[in-house]
Number of protein chains: 2
Amino acid sequence: MSEPGWRVVLLLAGAFRQGVDALHSELADQGYPGARPLHGFALQAIGPEGCTINQLGQRLGVSKQAAAKTATGLEDAGYIAREPVPGDRRAVLLRRTERAEEFLAASAAGFEHVVDRWRRHLGAGRFDAMVEALAEIADDGRPIGDLPGWLTQRPST
Amino acid sequence: MSEPGWRVVLLLAGAFRQGVDALHSELADQGYPGARPLHGFALQAIGPEGCTINQLGQRLGVSKQAAAKTATGLEDAGYIAREPVPGDRRAVLLRRTERAEEFLAASAAGFEHVVDRWRRHLGAGRFDAMVEALAEIADDGRPIGDLPGWLTQRPST
DNA sequence: CAAATTAGACAACTTGGTTGTCTAATACGT
DNA sequence: ACGTATTAGACAACCAAGTTGTCTAATTTG
């Protein structure tokens, strides 16, 4: 009973934040100074094959309107392009650009770097145990794209 | 090398989220259905002695304007009251109400409950090891109040 | 006592989320 | 085959939390 409960939850937030901060400081050094955490998540959700706005919303766990805004942002930043969908003139295919692929590669490498620092600091044994424990606690499989909204929106119904 | 780096970071987010979600579902059952994560953080920052808006901003790590908005929200929700500061007619003392104290007590109990579920699930040994590892990874001591903004704002400087 | 600082309010803007409404295109059922 | 549903996406209005900038009143300082 050394740690009060709230502190454990805060440690999770702190570690997450520490990881994301370290990643973005690295990305900034590599030519992506304006990158925001959500960029990576959304591009990952779009996938190498691309997807429509509705699909993006479903994959991120947000409304299609929110997905549309995200897509606009990504397009403005040069990370995606809109293509027509052959056979359905309503739909629009969001497709990652070259720049997006490079960004994702840099991002993956950055994550690897950050996590490796943790592994070296803790030692492989403790690190693996921690990851395993986290995997049992975090209810996986839920989309995480709505992280920002989740913090601010009131716990719905 | 079982887990890719990004997955570990996502696990941290997922566990944090899982904890906060469980807490708020519990709080909702206990008569605080509109409670948002930031309420607890801000009330904790205000402290039992109360503080001014500027101090709140410093403690949360946000601008005083943001702190003022937060204070307004807390006041509207009945969690704080404004009192004049004797000896400085510019300043306003934000003081927690009875309702805030009750809410904080329920929140602390809820956190304890949530974390205890984790401890029982993992076993005390694995749980303690995880917490210890997290404490070494999370850079502690930094104010946490700006979590929502931190996700969305572009990495400054 | 004048000048600088401080506390807080107010306004405008950004980013992310939500609902609700709307049009155009596609799918379906008779 | 045609009229009716459903679907994809755009647009608008709003909420929540953040930012910077400007302003006034009060206090501190030289």
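Source: prediction; values computed, not measured. Per chain, numbering begins at 1; letters A, B, ... match sequence-line order.
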Counting just side-chain N and O atoms, does [X] come under 4.0 Å of either OP1 or OP2 of [N]?
X      : N       : value
S63(B) : dT19(D) : yes
N54(B) : dT6(C)  : no
T70(A) : dG17(C) : yes
R82(A) : dA10(D) : yes

(message) Quick one, R119(A) with D128(A), criterion side-chain contact (heavy atoms from CB on, under 4.5 Å). Give me CA distance, side-chain angles, the key distance, then yes/no.
(response) CA-CA 8 Å; R119(A) 194 185 335 245; D128(A) 290 346; 4.1 Å; yes
(request) On DNA chain C, check which nucleotide each of Q55(B) and H39(A) is closest to and give me the residue with the more 5' one. (result) Q55(B)
(request) Indicate for each nucleotide in nucleotides 24-30 of chain D, in 5' to 3' sequence, whether protein heavy atoms under 4.0 Å reach the base (B), only the sugar-phosphate (S), or nothing (-). (result) --BS---
(request) For the residue pair Y79(A) and R99(A), establish whether any side-chain heavy-atom pair is separated by less than 4.5 Å. (result) yes
Whole-Å distance between [N] [atom2] and [X] [atom1]?
X      : N       : atom1 : atom2 : result
L38(B) : dA16(D) : CG    : P     : 12 Å
Q58(A) : dG9(D)  : CD    : C1'   : 14 Å
K64(B) : dG18(D) : NZ    : C1'   : 16 Å
I53(B) : dA17(D) : CD1   : P     : 15 Å
E75(B) : dA9(C)  : CD    : P     : 9 Å
L56(B) : dG8(C)  : CG    : P     : 10 Å
L93(A) : dG9(D)  : CG    : P     : 9 Å
K69(B) : dT19(D) : NZ    : P     : 10 Å

(request) Give a yes or no answer on whether the side chain of T70(B) reaches the backbone of A66(B) with a donor-acceptor pair at less than 3.5 Å. (result) yes
(request) For the pair H24(B) (side chain) and V20(B) (backbone), establish whether a donor and an acceptor sit closer than 3.5 Å, ignoring hydrogens and angles. (result) yes
(message) Any donor-acceptor pair, under 3.5 Å, between the side chain of Q65(B) and the base of dG8(C), if you only look at N and O atoms?
(response) no
(message) Need one value for A66(B): base, sugar-phosphate or nothing, where a base atom within 4.0 Å counts as base even if backbone is also close, heavy atoms only.
(response) base
(message) Can you give me the closest heavy-atom contact between A42(A) and L56(A), atom names plus distance?
(response) O-CD1, 3.9 Å
(message) Run the side-chain contact (heavy atoms from CB on, under 4.5 Å) test on F103(A) and Y32(A) for me, step by step, so that the C-alpha distance in whole Å, both residues' side-chain angles and the decisive distance to 0.1 Å come before the verdict.
(response) CA-CA 8 Å; F103(A) 168 75; Y32(A) 304 93; 3.6 Å; yes
(request) Would you give the length of the straight line joining atom CG of L104(A) to atom NE2 of H39(A), rounded to the nearest 0.5 angstrom? (result) 11.5 Å
